[in-house]
Each structure stands twice: as structure tokens, then as C-alpha cells.
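Order of listing sets the numbers, starting from 1, for every ligand and every atom in it.
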Amino acid sequence: MALLRSAFLTLARSRCLRHLSENSGAGRRLASRFVAGTDIDDALEAAQALTRQNVAVTLDSLGENVGTPEEAGRAAQVYHRLLDAISAQGLGANISVKLTQMGVDLDPSLALELVTSLVTHAAAAGSFVRVDMESSAYTESTLHLVRAVHAAGHRDQIGVVIQAYLRRSEGDVSGLLEDGISIRLCKGAYEEPASLAFPEKSAVDENFLRLMKMLLVSGTRHAIATHDERMIAATRRFAQERGLPPSAFEFQMLYGIRRDLQRALAAEGYHVRVYLPFGTDWYPYFMRRLAERPANALFLAKNILR
Ligand code: FDA
């Protein structure tokens with residue numbers, strides 16, 4: 001299992017396979033299980049459908065590791081258009097942004113400028129910017145940027161993601177909680193060395209539960225992002241023991257994964273938000289979804305053969 005995960009994460013970095021997949025009709029059809037479409041209208045249509053089912057969304061315009069400042073600027077413009085639509089349609093949605101898409105590799109001050117403009121726009125649109133967490137090469141710079149924007153006065157418009165598989169996360173959570181920064185807790189989706197990340201699933205799960213408890217009692221509204229029924233049941237139990245109402249936190253899941261669970265939790269009165277990716281640069285995102293559950297690849301292969 002760990003080998004397959006590693007193989008998919010290695011393939012996720014293949015430029016050649018990426019080019020072939022993203023430009024083939026079959027590739028696009030396969031990706032549609034996890035990706036809501038290629039343009040803003042597709043994403044908004046999927047967002048409206050989920051909102052009607054009482055499930056909120058966070059919109060992700062796919063793309064990472066841009067090569068030029070112009071590309072980063074264009075990526076930010078897509079998010080500005082999304083924020084305009086969120087506000088005009090009263091969608092109650094927010095956006096999820098990757099710093100490598102905002103040009104952090106080229107110039108950290110460019111990423112800071114672009115994220116600050118998005119956060120300012122989100123404040124006016126009644127929305128929120130969640131900065132996704134990428135590989136451990138970006139943990140420090142991501143936390144630094146989010147703290148800087150938060151400290152500059154955008155306290156309710158920016159939040160970050162913490163990965164339970166990283167050994168450092170407990171310390172990071174403590175620091176972020178002191179500042180009242182909203183966190184999305186997930187397990188982590190990248191390939192990391194054992195020196196930085198727990199290699200065993202049981203240790204990741206244990207850390208997830210430890211961090212979840214820290215978040216829930218902190219008084220800030222956080223997101224528990226998982227499809228793992230054990231993690232979800234433990235979160236519900238802990239919230240009940242502490243007398244926390246369902247509105248004190250939200251559950252988050254990925255578009256196309258465990259729709260049944262998303263709807264069931266929403267029907268029970270929990271706040272549920274779905275991470276909704278769209279765009280043409282879907283390959284790395286798609287490969288990470290296969291890595292999480294290699295059975296997906298088998299399922300897709302059967303569909304192709306059929
Ligand atoms: P786990 O992997 O243990 O899976 C539990 C169960 O969930 C599986 O048995 C299966 O039923 C179902 N499941 C999980 N993944 C599936 C898949 N791909 N296909 C079908 N079923 C699947 N990561 C990161 O590094 N940085 C980030 O910013 C984010 N952001 C993010 C946002 C949101 C809203 C979510 C839900 C997740 C992320 N992630 C992420 C991804 C996260 O780190 C993790 O890789 C996935 O959520 C899978 O882990 P689970 O917690 O679901 O548990």
C-alpha cells in the first residue's frame with residue numbers, strides 16, 4: 001500500500017504524463033470524478049447544487065508551481081472573479097489557494113501581495129481565504145505568510161491548513177492557536193521523509209485526534225477535514241462531551257468523495273464544506289487522490305477497459 005502511494009506521488013511529478021493526461025479526453029473524463037469541470041461556470045454550477053443540499057463549498061482553481069509572475073497574476077485574477085461571483089450569488093462559499101500558484105517560488109513578496117489582495121477582496125465579499133498546505137518544503141513559508149497577513153489586520157479572512165502526518169504540527173498548532181488563526185486539520189497528502197512525517201497510519205491518526213482536540217477547545221472556529229469515519233466519530237464524541245454545538249466547527253471533505261457521508265452529516269445539523277476543485281491543471285491533484293486510495297486506480301482502469 002505504502003509502495004503504491006509512493007508510486008502515485010512520484011508519477012504526480014511527471015511532466016510528460018501530466019501533459020499527456022491533461023490533453024486527452026479520456027484523462028479529463030477520469031478526472032471528472034474529483035474535479036468539478038474546467039471553468040468558473042462549471043465550478044459555480046456545482047457549488048450551487050451543493051449549497052442547495054445544505055453543503056457549503058471552498059473553491060479551488062487548480063494550479064501549482066507557476067513559472068512566471070504573469071501566470072501567478074492570472075491565477076489570482078481567477079480567484080478575484082470567483083469572489084465577485086460568491087458575493088453576487090450569495091453563495092456562502094470561500095476560496096482555497098496554494099502559495100506555489102501565487103508565485104511563492106519566484107518571489108515570496110509577490111505571493112504576499114497577491115494573497116493580501118485576495119484577502120482584502122474576501123473581506124468585502126463576506127468570504128474567506130484558506131491557504132492550502134503543500135509539501136514540507138513550503139510549511140515554514142506558508143505559516144509565515146499567513147501569520148503576516150493575519151497580523152496585518154485581516155483576522156477573520158485568512159486561515160491555514162495543518163497536516164497531522166508532520167511531526168512538527170503540534171507545535172505549529174499551539175502557535176497558531178495563540179494567535180487565534182483558523183486551521184483546517186487534514187492528514188496530509190504529499191510524500192515526506194520519515195524524519196519529518198509519521199510513516200505509520202496509526203501514528204498519523206493518533207496525532208490527528210490529538211490535534212483535533214486542541215482545535216475544538218480553542219474557542220476559534222476550525223475545520224476537521226477527513227473522510228475517515230473513525231476520525232469523524234471521535235470528533236463528534238469529543239464535541240458532545242465538551243458541550244460544543246455543531247456550529248462550533250465544520251467538517252470538510254473533498255468533492256466526489258463520500259458524498260453519502262457529506263449529506264448525512266449536513267442532515268444531522270453539522271456544518272459541512274466540500275473542497276471543490278476546477279480547472280484544466282488537474283493532474284497533480286488527481287494523482288494525489290489516487291495515492292490516497294489506490295483502489296481508485298483499479299476502479300478507473302476497469303472503467304477504461306469497459
Ligand atoms: P484516510 O486516507 O485514512 O481515508 C479514510 C477513508 O476515506 C478511506 O478508507 C476511504 O473510504 C475514504 N477516502 C480517502 N481518500 C479517498 C480518495 N482519494 N478516494 C476515495 N475515497 C477516499 N492535504 C494536504 O496535504 N494539504 C491540504 O491543504 C489539504 N487540503 C484538504 C482539504 C480537504 C477539505 C480535505 C478533505 C482534505 C485535504 N487534504 C489536504 C488531503 C488530506 O491530507 C488527505 O490526503 C485526504 O483527506 C485523505 O485522508 P482522510 O483523512 O480522508 O483519511
Side-chain angles (χ1 to χ4, degrees), residues 1-2 4-6 8-9 12 30-36 50 55-60 62 64 93-101 128-139 142-143 146 158-166 168-169 172 182-192 196-198 200-209 211-212 222-235 249-262 265 271-277 282 284-300:
M1 212 60 157
L4 273 174
R5 178 174 189 271
S6 175
F8 281 118
L9 291 176
L30 292 180
S32 67
R33 162 146 190 226
F34 301 117
V35 176
L50 282 161
V55 171
V57 301
T58 181
L59 292 155
D60 166 36
L62 289 163
E64 35 202 273
N94 63 45
I95 57 173
S96 286
V97 175
K98 286 188 174 48
L99 290 191
T100 65
Q101 190 182 18
F128 177 85
V129 178
R130 177 81 60 187
V131 180
D132 285 343
M133 190 58 85
E134 300 176 69
S135 78
S136 59
Y138 301 100
T139 311
T142 302
L143 294 174
V146 170
I158 189 158
V160 72
V161 177
I162 287 287
Q163 297 152 323
Y165 66 11
L166 289 188
R168 59 175 284 168
S169 286
D172 290 335
S182 168
I183 294 172
R184 170 201 294 151
L185 176 64
C186 67
K187 290 193 187 178
Y190 295 80
E191 186 158 34
E192 300 291 354
L196 299 180
F198 302 109
E200 319 83 26
K201 178 177 162 49
S202 57
V204 178
D205 288 356
E206 203 180 299
N207 203 32
F208 190 99
L209 295 177
L211 301 179
M212 172 274 286
H222 302 287
I224 307 300
T226 181
H227 317 90
D228 186 334
E229 295 196 32
R230 276 188 50 240
M231 301 297 115
I232 291 171
T235 305
F249 62 97
E250 65 185 29
F251 283 118
Q252 295 192 352
M253 293 187 215
L254 300 176
Y255 178 80
I257 301 181
R258 294 303 310 263
R259 292 192 190 98
D260 55 336
L261 195 51
Q262 296 168 13
L265 286 169
H271 290 207
V272 180
R273 189 176 294 277
V274 161
Y275 186 99
L276 200 155
W282 48 262
Y285 178 86
F286 177 68
M287 293 305 278
R288 287 196 293 274
R289 302 297 73 85
L290 295 190
E292 281 155 5
R293 195 162 177 260
N296 284 338
L298 207 64
F299 172 79
L300 295 175

Within-cutoff protein neighbour (heavy atom, under 4.0 Å) for atom 43 (O) of ligand 1 |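 Yes.
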Might you check, step by step, whether the distance between atom 8 (C) of ligand 1 and some protein heavy atom is under 4.0 Å?
->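 For atom 8 (C) of ligand 1 the answer is no, since every protein heavy atom stays at 4.0 Å or beyond.
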So which protein heavy atom does [atom] come closest to, and at what separation?
| atom | value |
| --- | --- |
| atom 35 (C) of ligand 1 | L254 CD2, 3.4 Å |
| atom 26 (N) of ligand 1 | M133 O, 2.8 Å |
| atom 1 (P) of ligand 1 | K187 NZ, 3.6 Å |
| atom 12 (C) of ligand 1 | H227 CB, 3.8 Å |
| atom 20 (C) of ligand 1 | R293 CD, 3.4 Å |
| atom 40 (C) of ligand 1 | C186 SG, 3.5 Å |
| atom 19 (N) of ligand 1 | N296 ND2, 2.8 Å |
| atom 46 (C) of ligand 1 | E292 OE2, 3.3 Å |

Answer side chain, backbone, both or neither: which part of F208 comes under 4.0 Å from ligand 1, heavy atoms only.
-> neither
Hey, could you give me the [atom1]/[atom2] distance between [X] and [Y], rounded to the nearest 0.5 Å?
| X | Y | atom1 | atom2 | result |
| --- | --- | --- | --- | --- |
| S135 | Q163 | OG | CD | 8.5 Å |
| R258 | D260 | CZ | CG | 4.0 Å |
| D132 | E64 | CG | CD | 9.0 Å |
| L265 | I232 | CG | CD1 | 5.5 Å |

Check this for me - ligand 1, [X], N or O atoms closer than 3.5 angstrom, yes or no?
| X | result |
| --- | --- |
| Q252 | no |
| G188 | yes |
| I257 | no |
| R184 | yes |
| R258 | no |

Side chains of [X] and [Y], heavy atoms from C-beta outward: is any pair under 4.5 Å?
| X | Y | result |
| --- | --- | --- |
| L211 | H222 | no |
| K187 | T226 | yes |
| Q252 | I224 | no |

Any idea which atoms of ligand 1 are less than 4.0 Å away from a heavy-atom of [X]?
| X | value |
| --- | --- |
| K201 | 3 (O) |
| V161 | 27 (C), 28 (O) |
| Q163 | 24 (C), 25 (O), 26 (N) |
| D132 | 28 (O) |
| Y275 | 32 (C), 34 (C) |

Quick one: do L185 and M212 satisfy side-chain contact (heavy atoms from CB on, under 4.5 Å)? Show the steps, please.
-> CA-CA 7 Å; L185 176 64; M212 172 274 286; 3.9 Å; yes
Side-chain donor-acceptor pair under 3.5 Å between S96 and R184, yes or no?
-> yes
Does the side chain of S6 come under 3.5 Å of the side chain of E191 through a donor N or O and an acceptor N or O?
-> yes
Does [X] use its side chain to pair, donor to acceptor, with the backbone of [Y] at less than 3.5 Å?
| X | Y | result |
| --- | --- | --- |
| Y165 | Y190 | yes |
| R130 | S182 | yes |
| Q262 | Y255 | no |

From E250, M253, R273 - option closest to atom 36 (C) of ligand 1 by heavy atom | M253
